[in-house]
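In what follows, a single structure is set out as structure tokens and then discussed.
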Amino acid sequence: MTTAALVALMAPLGCEREPAAPSSVASARSVDESVRAVEQYLAQGRMREARVISARLVEVEPGNATVREVHARVLLSEALVDHPEGRARDAALGEAAEAYLVALSLDRENAALHHAAGVALDQSGRSTESLELYNRACLLDPTQAQYELYAAMALRRLMRLDEARARLDRAAMLSPDEPLVAILRSDVALASDRPSEALEEAQRARRLAPGELAARIAESRALRALGRHAECAEMLLALPRASRTNEAIASELAEALLVIERPKAAALAWEEALSVDSRRWRSAVGAGHAWISAGDLIRAETFLRHAQGVAPGEPPVEALEERLRAALESGASPVPSGHPSPRDSAQAKEASQRAPGSPRGSE
């Protein structure tokens, strides 16, 4: 869940002076100065330094809610930035969630902290608990549309769709032109098997925020639910490459391309997403499945090996391995009919020497 609201939540407060060095926390003039140093390091993406200072602050001031909150924020940032999807990220998110709960126990009347803790629990898959925190944030500060939005998201994940709609209505009253309201209304409508309504809301979100990728994703899901796969693919292919490398966009595009029987293009869509971050093992899995559908088992195996190297033992990776094994055991040719084997093709040899995910053009 990467949204503008989450980015705003994690943004540092800012600091005009240079941060203290990690080794100088104990001699800093105040805890506040060290907290600002952590926030400055977070702003610079220097997670290691932020972690060292915040951990030391917790040792020095274990009962300080601000110290506990900034340490939790560091842990959450680390989990989202430094860990690929999978068990490592889940463990890191769980640690961040527990750190937020400790901070919350020290400041129980802070609406923003309730919301932040809810986000952390949401990220770690604890939707029921996060909903309780979002509800409390709404009670403590009923003027914030963001709190209502996140409560609606939690309700949607719990499939409490009528309640989610009511919270979205409340959010719309507080912030009438917020595109996330329309995006979430689209998602709730789709979950309620109302794809036409979902498309209308997604298109409204696009009008409110033409550059918002989440609106494109909502629209593509609605189009696919209506069976308009070619239109969905055409819309997403028209996006600039920087947008197509978004993993959620790549997923929507690949799904649409597979339905209209363009598996090679689907594989390349996944590869494009993988090319910007080799840790995206789900993109490698998607590319592997698409290459199997295209009949190129050798390329599929390349992406299977990549996924296994990043996320060994993950169920989607094992499912890809099983599908590839079944295809090979069925006697299928390892490459599409009429195409040379990569082992005999200079072009394919060059491709195999590149890191998996390097784009090779389009179909």
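The structure displayed is predicted, hence computed values, not measured ones. For the numbers below, each heavy atom of this structure counts, side chains included, while hydrogens, waters and symmetry mates do not.
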Quiz item: After noting the C-alpha distance and the side-chain angles of Glu59 and Arg56, does the key distance pass the salt bridge (charged side-chain N to carboxylate O under 4.0 Å, His left out) rule?
Solution: CA-CA 5 Å; Glu59 292 178 6; Arg56 177 62 179 144; 3.0 Å; yes
Quiz item: Do Met47 and Leu42 pass the side-chain contact (heavy atoms from CB on, under 4.5 Å) test, and can you show the C-alpha distance, the side-chain angles, and the key distance before you say yes or no?
Solution: CA-CA 6 Å; Met47 299 299 178; Leu42 279 177; 3.8 Å; yes
Self-check item: Intermediate values then yes/no, side-chain contact (heavy atoms from CB on, under 4.5 Å), Leu57 and Val60
Solution: CA-CA 5 Å; Leu57 277 170; Val60 173; 5.5 Å; no
Quiz prompt | Working for side-chain contact (heavy atoms from CB on, under 4.5 Å), residues Gln123 and Leu121 | solution = CA-CA 5 Å; Gln123 292 282 345; Leu121 266 66; over 6 Å; no
Practice problem: Might you work through the side-chain contact (heavy atoms from CB on, under 4.5 Å) test for Asp122 and Arg157, ending with a clear yes or no? | Solution: CA-CA 10 Å; Asp122 242 344; Arg157 279 188 290 277; 2.5 Å; yes
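The hydrophobic cluster of Val259 has no other members, since no ILVMFWY side-chain heavy atom comes under 4.5 Å of it. In the hydrophobic clustering, where aliphatic and aromatic side chains (Ile, Leu, Val, Met, Phe, Trp, Tyr) are joined below 4.5 Å either directly or transitively, Leu199 groups with Leu213, Ile217, Leu223, Leu226, Met235, Leu236, Leu237, Leu239, Ile249, Leu253, Leu257, Ile260. Cluster partners of Leu139, using a side-chain heavy-atom cutoff of under 4.5 Å among ILVMFWY residues and allowing indirect links: none. Connectivity analysis of hydrophobic side chains (ILVMFWY, heavy atoms under 4.5 Å, direct or indirect) links Met173 to nothing; its cluster partners are none.
The shortest distance between side-chain heavy atoms of His71 and Val67 does not fall below 4.5 Å. Side-chain contact between Ser275 and Arg241 is present, with at least one heavy-atom pair separated by less than 4.5 Å. The closest side-chain heavy-atom distance from Tyr150 to Ser130 is not below 4.5 Å. Side-chain contact between Trp291 and Thr302: absent, with no pair of heavy atoms (C-beta onward) separated by less than 4.5 Å.
With respect to Glu69 and Arg73, a salt bridge is recorded, a charged nitrogen being found less than 4.0 Å from a carboxylate O. Ion pairing of Glu98 with Arg126 is present here, as a side-chain N (NZ or NE/NH1/NH2) and a carboxylate O approach within less than 4.0 Å. Ion pairing between a basic and an acidic side chain is recognised when a charged N comes within 4.0 Å of a carboxylate O; Glu78 and Arg51 show such pairing. The residues Arg216 and Glu219 are annotated as not salt-bridged, no charged nitrogen and carboxylate oxygen being separated by less than 4.0 angstrom. In this structure, Glu322 pairs ionically with Arg325, as a charged nitrogen and a carboxylate oxygen lie closer than 4.0 Å.
In terms of heavy atoms, Trp270 sits closest to Ala250 at CE3-CB, 4.4 Å. The two residues Ala172 and Val181 have their closest heavy-atom pair at CB-CG1, 4.0 Å. Of all heavy-atom pairs between Ala112 and Asn110, the closest is N-OD1, 3.1 Å. In terms of heavy atoms, Leu174 sits closest to Pro142 at CD1-O, 3.8 Å. Contact detail for Ser54 and Val38: the closest heavy-atom pair is N-CG2, 3.9 Å.
Proximity of a side-chain donor or acceptor of Ser186 to a complementary backbone N or O of Ala198 within less than 3.5 Å is detected. A side-chain donor-acceptor contact under 3.5 Å links Glu212 to the backbone of Ala214. Judged by distance alone, the side chain of His306 and the main-chain N or O of Ser278 form a donor-acceptor pair under 3.5 Å. Between the side chain of Arg68 and the backbone N or O of Pro62, at least one donor-acceptor pair lies under 3.5 Å.
Side-chain contact annotation: Ser192 with Arg165, donor-acceptor N/O pair under 3.5 Å present. Inspection of the Arg305 and Gln308 side chains reveals an N or O donor paired with an N or O acceptor under 3.5 Å.
Scored by the side chain to side chain contact (heavy atoms under 4.5 Å, CB included) test, Asp169 finds Arg185 as partners (sequence neighbours excluded). In terms of the side-chain hydrogen bond (donor to acceptor under 3.5 Å, both in side chains) criterion, residue partners of Ser293 (sequence neighbours excluded) are, by chain and number, Arg323. Residues meeting the side-chain hydrogen bond (donor to acceptor under 3.5 Å, both in side chains) test with Glu255, sequence neighbours left out: none. For the salt bridge (charged side-chain N to carboxylate O under 4.0 Å, His left out) test, no residue two or more places apart in sequence or in another chain qualifies with Glu178. Arg160 pairs by the side-chain hydrogen bond (donor to acceptor under 3.5 Å, both in side chains) definition with Glu163, not counting sequence neighbours. Partners of His114 according to the side-chain hydrogen bond (donor to acceptor under 3.5 Å, both in side chains) rule, which considers only residues two or more places apart in sequence or in another chain, do not exist here.
A salt bridge (charged side-chain N to carboxylate O under 4.0 Å, His left out) check over residues 147-156, counting only residues at least two apart or in different chains, returns the pairs Glu148-Arg167, Glu148-Arg170, Arg156-Asp187. Within the structure, the side chain to side chain donor-acceptor pair (under 3.5 Å) test picks out the following pairs touching residues 223-235 (sequence neighbours left out): Arg224-Glu252, Arg228-Glu231.
Both Leu180 and Leu168 are assigned to one and the same hydrophobic cluster, defined by single-linkage of ILVMFWY side chains at heavy-atom distances under 4.5 Å. Hydrophobic clustering (ILVMFWY, side-chain heavy atoms < 4.5 Å, transitive): Val58 and Leu106 are in distinct clusters.
Ring geometry, Tyr134 versus His115: the interplanar angle falls from 30° to 60°, so the pair is classed tilted.
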